[in-house]
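First up is the structure itself, then whatever we jot down about it.
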Amino acid sequence: MTHTAQETLQPLYLLCDASVRMREEDLAAVNLLLGHLADEITGDPLLAWAVRWGIELYDNADHTTTLMQLQQVDLVSRIPQMVTTIEEPTLAAALRALRRRITGDIDLLEADAAEVRPPIVVVATSGHSLDGAGDRAAELAALLEWTPMVLLVSLPGADGTIAEDLAAEHTDVDATVISSLADVPDVAHWIARGAHQSAEHGLTRLRYAQWVVAERDAGAFRHVAEPGAGVFHRFAEPGGRPAADLIDLVAVRAAPGGDELAERLLWPYRVVVGDDPATAVGLLLPRPPDRFAAGRMTARGPEPLSGPDTPDASDGVLRARLCAALAAAMAAAHAVGAVLGEAALESAAYTTGTDPEVLITDCTGARLGTDRSADLFWLGRFVDHCVFAFLDTDGQALLRRARSNVADRLPSATEWSDYLDHRATVLQGPPVIEQVQVSPVIVPDGSPVTVRWRGRYIDRLEITGPDGAVVVATGRDQGQVQVVMTRPGAVRLRAANRVGGHRADTAHVHVFRLPRITEVRLPGSPLDARDPRTDQWADMLAHYSRHMLPDIPPVPVPAEPPAALSLTRFPIDVARFFGERPGRPRRRWPRLRRPWA
């Protein structure tokens with residue numbers, strides 16, 4: 001029998017901690033969440049009919065005070081405002097009371113409609129509870145038998161530890177944080193979208209709205225954690241794959257350890273669905289960084305390093321570090337419950353150098369599971385072909401366990417990663433500082449100098465100036481830093497790794513002091529110039545005039561203007577001076593006498 005959307009009911013419950021532990025900001029966030037949920041539900045024609053939601057207030061005695069019974073939400077109806085109580089919160093008791101209420105409500109709703117979807121439960125908590133973690137986990141597990149859709153919401157002032165711990169123990173439980181009132185509309189939209197998918201298609205998980213994108217939107221999709229458009233990988237299967245299993249696989253990015261997973265593997269970050277929202281047609285994958293060169297991690301070792309004629313075939317340090325990085329990537333996948341498979345492991349790309357990296361590029365065939373023996377068998381063969389000649393007695397013991405047919409004896413990926421990383425350090429030996437340089441060698445006091453170095457096997461480098469200031473550089477065999485010089489002397493470099501250390505000094509740096517401008521104090525004024533009273537300025541100016549200006553006699557000013565000057569009164573005769581030609585004076589040379597005259 002086929003049911004239409006109008007014959008499907010979707011219950012919705014909001015469990016709120018309205019205890020004395022709740023702050024005013026938390027209470028405002030809950031009331032705002034109620035209002036946005038009402039707008040989202042009433043604005044969707046499907047949800048306006050299908051959703052039955054209840055707002056319940058429970059005390060520690062398992063009694064119920066109903067604020068709104070299960071009924072159709074109408075815009076005319078005013079959403080009641082939550083108020084705090086004097087009760088201390090007990091989340092386990094509230095979950096137990098909610099489970100009993102859901103049991104009775106489902107029986108009543110199934111008599112009114114042809115199909116009733118599993119309820120959606122939203123729990124808003126202040127982060128405090130009088131019960132223990134075991135009691136909360138047990139009651140939540142019992143509640144999940146009735147409703148596989150649970151969202152734990154931590155309010156702005158709440159400690160999110162309770163929500164995170166409960167969500168980490170159950171894959172069907174999501175947790176989110178309302179850090180401010182601005183986050184409330186997004187959370188309400190997320191809940192309403194999950195309710196719409198559940199009512200229309202029977203997808204009973206809120207994480208569908210978080211991890212699924214339509215194929216028509218896949219090309220223009222942008223993700224905060226992955227800059228740029230992702231790579232759309234379409235499945236080869238004509239009918240696609242079930243979306244529910246892939247959602248669980250992609251959602252491990254948000255699990256504890258998901259950050260390390262995303263750094264070492266190109267883990268898909270969205271499931272792509274077509275016309276059928278329950279069937280996935282592909283995955284959105286991040287783009288690989290440009291620094292990774294082309295190369296495959298085959299079972300016989302990293303290509304092209306696996307060939308016997310390759311110049312780097314005897315480089316045990318590089319091989320050990322590549323094996324350790326690959327084992328670390330496998331350990332990150334196993335930590336979140338994922339199994340990679342041979343196709344994913346042979347898709348790994350790597351970088352060469354003093355600190356090589358490994359990135360698994362194809363995770364489309366990965367799955368969730370506990371049987372990791374296939375991955376560990378592959379890793380054992382890889383280590384055997386790649387670094388067999390460089391293993392010590394501990395490595396040989398691990399290799400003998402890896403060759404065993406008993407799955408419980410296989411070394412874990414973490415064991416291989418720790419051993420190979422330490423073995424690479426032992427093979428490379430202590431660090432060596434080959435060259436140091438400082439420039440300039442003559443600087444003013446307080447000016448920086450540039451220190452350059454080149455070395456090998458440097459995990460940590462401490463650069464100490466003559467005044468004792470320390471600059472630390474990690475994992476860099478060559479580079480440069482600036483050091484501020486406040487006193488003359490050499491800059492000291494100390495390199496270290498797990499095997500040993502090495503020291504080197506730069507040339508002597510001369511530091512001189514620049515001439516400084518010294519402030520000369522002038523004699524102070526007899527009056528305070530900062531005094532705002534203006535009647536003292538006249539006295540001060542008169543004082544300076546008497547003591548600083550010289551006595552200048554008064555200049556007599558004639559009463560009448562002088563008469564016009566004439567040439568006769570001029571001191572010289574101008575006509576004679578300019579009219580007559582001056583005579584040439586005669587020069588008399590002295591008579592020269594001969595000394596013998």
Side-chain angles (χ1 to χ4, degrees), residues 168 248-249 252-253 255-268 292 295-303 305-306 316-351 355-388 390-427 498:
D248 293 340
L249 181 69
V252 298
R253 294 175 63 96
D259 295 339
E260 184 179 2
L261 182 75
E263 291 178 0
R264 300 180 181 273
L265 299 90
L266 291 183
W267 201 256
F292 286 93
R296 290 191 312 119
M297 292 292 193
T298 65
R300 300 187 62 83
E303 294 183 350
L305 299 181
S306 56
V317 176
L318 177 59
R319 289 172 173 271
R321 290 204 180 276
L322 286 175
C323 292
L326 180 62
M330 182 184 294
H334 290 177
V336 296
V339 179
L340 296 176
E342 183 176 355
L345 294 172
E346 293 190 355
S347 72
Y350 60 89
T351 62
D355 191 14
E357 300 176 81
V358 171
L359 180 69
I360 298 178
T361 60
D362 185 8
C363 301
T364 57
R367 67 184 188 280
L368 296 179
T370 57
D371 187 7
R372 304 163 185 171
S373 57
D375 288 354
L376 299 178
F377 277 127
W378 191 96
L379 182 59
R381 293 195 304 269
F382 180 84
V383 174
D384 190 1
H385 288 286
C386 188
V387 294
F388 174 77
F390 306 100
L391 299 180
D392 57 1
T393 55
D394 295 336
Q396 294 291 344
L398 287 175
L399 192 58
R400 285 193 297 270
R401 290 173 52 192
R403 294 170 179 171
S404 174
N405 295 326
V406 181
D408 294 340
R409 292 198 58 198
L410 295 175
S412 65
T414 303
E415 289 183 79
W416 276 121
S417 176
D418 294 341
Y419 166 75
L420 291 169
D421 190 37
H422 176 72
R423 184 59 181 165
T425 306
V426 173
L427 289 173
R498 285 180 291 185

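This is a predicted model, so every value here is computed, not measured.
In this structure the side chain of Asp394 never reaches within 4.5 angstrom of the side chain of His422, judged on heavy atoms. With contacts defined as side-chain heavy-atom distances shorter than 4.5 Å, the pair Asp392/Val426 does not qualify. The side-chain heavy atoms of Leu249 and Trp267, taken from C-beta on, include a pair separated by under 4.5 Å.
Closest approach of Glu357 to Leu322, counting heavy atoms only: O-CD2, 4.5 Å. The two atoms that bring Arg264 and Ala328 nearest to each other are NH1-CB, 3.4 Å, heavy atoms only. The two residues Glu263 and Leu359 come nearest to each other via the heavy atoms O-CD1, 3.8 Å. Contact between Ser417 and Ala324 at its shortest, heavy atoms only, is OG-O, 3.5 Å. Of all non-hydrogen atoms in Ala348 and Leu326, the two that sit nearest each other are CB-CD1, 4.2 Å. Contact record, Thr351 with Pro356: O-CB, 2.9 Å, taken as the closest heavy-atom pair.
For CG of Asp259, the number of neighbouring non-hydrogen atoms (other residues, nucleotides, ligands) closer than 6.0 Å is 12 at most.
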**OP:** Output, in order, the C-alpha distance, side-chain angles, deciding distance and verdict of side-chain contact (heavy atoms from CB on, under 4.5 Å) for Leu345 and Ile360.
**Re:** CA-CA 7 Å; Leu345 294 172; Ile360 298 178; 4.2 Å; yes
Original post:
side-chain contact (heavy atoms from CB on, under 4.5 Å) between Val336 and Arg253: does it pass, once the steps are laid out?
Top reply: CA-CA 9 Å; Val336 296; Arg253 294 175 63 96; over 6 Å; no
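With sequence neighbours excluded, no residue forms a side chain to side chain donor-acceptor pair (under 3.5 Å) with Arg400. Residues forming a side chain to side chain contact (heavy atoms under 4.5 Å, CB included) with Ser412 (at least two apart in sequence, or on another chain): Thr414, Glu415. Residues passing the side chain to side chain contact (heavy atoms under 4.5 Å, CB included) test with Arg367, sequence neighbours excluded: Val339.
Taking the six-membered ring where the residue is Trp, Phe382 and Trp378 present parallel rings, their angle staying beneath 30° rather than reaching 60°.
Between the Asp375 side chain and the Gly341 main chain, a donor and an acceptor come within less than 3.5 Å of each other. Proximity of a side-chain donor or acceptor of Arg372 to a complementary backbone N or O of His334 within less than 3.5 Å is detected. In this structure a side-chain-to-backbone donor-acceptor pair under 3.5 Å is missing from Arg423 to Gly395. At distances below 3.5 Å, at least one donor-acceptor pair connects side-chain atoms of Arg401 with backbone N or O atoms of Arg409. No side-chain donor-acceptor contact under 3.5 Å links Trp416 to the backbone of Gly380. Without hydrogens or angle criteria, Arg319 side chain to Cys386 main chain gives a donor-acceptor distance under 3.5 Å.
Expressed to the nearest 0.5 Å, how far CG of Leu398 lies from CG of Asp384 amounts to 12.5 Å. Distance SG/Cys323 to OH/Tyr419: 10.5 Å, rounded to 0.5 Å.
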